[in-house]
2 protein chains.
Amino acid sequence: MIIKLLLDSDIPLYQQLKDKIVYAIATGEVKQGEQLPSVRQLSSSLSINLHTVNKAYTQLSVEGFVTILKGRGVLVNTKDMYAASDNDRKKIFEQIQTICAEAKCRSLDADEIINMCNKAYTTLKGDN
Amino acid sequence: MIIKLLLDSDIPLYQQLKDKIVYAIATGEVKQGEQLPSVRQLSSSLSINLHTVNKAYTQLSVEGFVTILKGRGVLVNTKDMYAASDNDRKKIFEQIQTICAEAKCRSLDADEIINMCNKAYTTLKGDN
DNA sequence: GCAACTGTTATATTATAACTATAACAGTCA
DNA sequence: TGACTGTTATAGTTATAATATAACAGTTGC
């Protein structure tokens, strides 16, 4: 899993890390049951602190993407364990609403946004 | 313009405010050339600080949505003043990518996300 | 058991962001 | 002049983000 973080981004490091891992799950780059790097390994290879990685892993665990086993490591869950709940759907829709509002203001019509969605999905084509 | 902010949200107040104003522009609820409430008026009616409103207005100004006239007030710009630049498009696509990655993980397919986009756009139907 | 690995917890420190409070300054306009 | 605009300055509080070190506790293979 190739991860590059932007140190000068306005997006927190732990959030960037979460997004990258979810992206890797979406593409199938990391598979169900697969073990993620340990907090020490990953923090070392990214030159960031152990606790920053731990925060990302902990939140991914709360959101259902991974299971943390004390003493053993962090494992990617099976798909059914993080299938969208009604609340997940609601949150995703709210994000889309905000993006579409800005997009419409900026004279992008629905088709352009839909094209972006299709492009995003085709980029994610993995056998996961 | 009806605005309600969530004080206990993880989204900062000034960001929520920006999003609501952009949304109001998108629906046509506030029109081109229209004057927004003064920082004191709005901060008072929302029971938040003057500087929080000022921060939202200042950023909206940088992003091209409004023009701030010292001593006079804040005016909504014309559409052409905030039409999407290449960089705006890129940022919007990156947000969509992140959302789609999570959505795919959570077993939502492209059609479901596209439906959400269409629903979001129809909600925004205004003659702006 | 021991060693080497896991995640966890505790404590502390630094830096930055977010929000508030108050006051004064400066431009606009009837 | 007075009442409204946004702006700037100063200060303080609170929360978040990130780091640094150390110790604790569970797992695993030798």
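Each chain gets a letter, A, B and so on, in the order the sequences are listed, and its residues count up from 1. A quick note: this is a predicted structure, and the numbers were derived from the prediction, not measured. Just the heavy atoms: all of them, side chains too, but no hydrogens, waters or symmetry mates, feed the values below.
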Answer yes or no: does a side-chain N or O of [X] lie under 4.0 Å from OP1 or OP2 of [N]?
X	N	result
A/S38	C/dT6	yes
A/K70	D/dT27	no
A/Y57	C/dG7	no
B/K55	C/dC19	no
A/N54	C/dT8	yes
B/Q41	D/dC4	no
A/R72	D/dT28	yes

Exercise. Which residue, B/H51 or B/P37, contacts DNA chain D at a nucleotide closer to its 5' end, judged by nearest heavy atom?
Worked result: B/P37

Problem set entry | Pairwise 5' ranking along DNA chain D for B/V74 and A/N49, keeping only the more 5' one | B/V74

Starting at atom [atom1] of [X], determine the distance to atom [atom2] of [N], rounded to an integer number of angstrom.
X	N	atom1	atom2	value
A/Q15	D/dA18	CD	C1'	15 Å
A/L75	D/dG26	CG	C1'	15 Å
B/D8	D/dA15	CG	C1'	14 Å
B/L50	C/dC25	CG	C1'	14 Å
B/L7	D/dA15	CG	P	14 Å
A/L17	D/dA18	CG	P	10 Å
A/I11	D/dA18	CD1	P	11 Å
A/Y14	D/dT16	OH	P	9 Å

Seminar exercise, completed: The residue, A/I68 or B/G71, whose nearest nucleotide of DNA chain C is more 5′ is A/I68

Exercise. Just wondering, are more than 12 heavy atoms of other shown residues or ligands nearer than 6.0 Å to CG in A/D109?
Worked result: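 Enclosed: over 12 neighbouring heavy atoms sit under 6.0 Å from CG of A/D109.
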
Problem set entry | CG/B/D80: more than 12 non-hydrogen atoms of other groups inside 6.0 Å |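 Yes, enclosed.
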
Exercise. Does A/R40 get its side chain close enough to the base of C/dG7, under 3.5 Å, for a donor-acceptor pair?
Worked result: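 Indeed, a donor on one side and an acceptor on the other fall under 3.5 Å apart.
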
Problem set entry | For A/I3 against A/L46, the heavy-atom pair lying closest together |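 Scanning both residues completely, I find the closest heavy atoms to be O-CD2, 3.6 Å.
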
Exercise. NA contact type, A/Q35, heavy-atom cut-off 4.0 Å: base, sugar-phosphate, or nothing?
Worked result: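 Result for A/Q35 = nothing.
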
Exercise. How many angstroms lie between atom CE of A/M116 and atom CZ of B/R89, to the nearest 0.5 angstrom?
Worked result: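 Separation between the atoms: 6.5 Å.
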
Exercise. So, B/K104 side chain and A/L124 main chain: donor-acceptor pair closer than 3.5 Å or not?
Worked result: yes

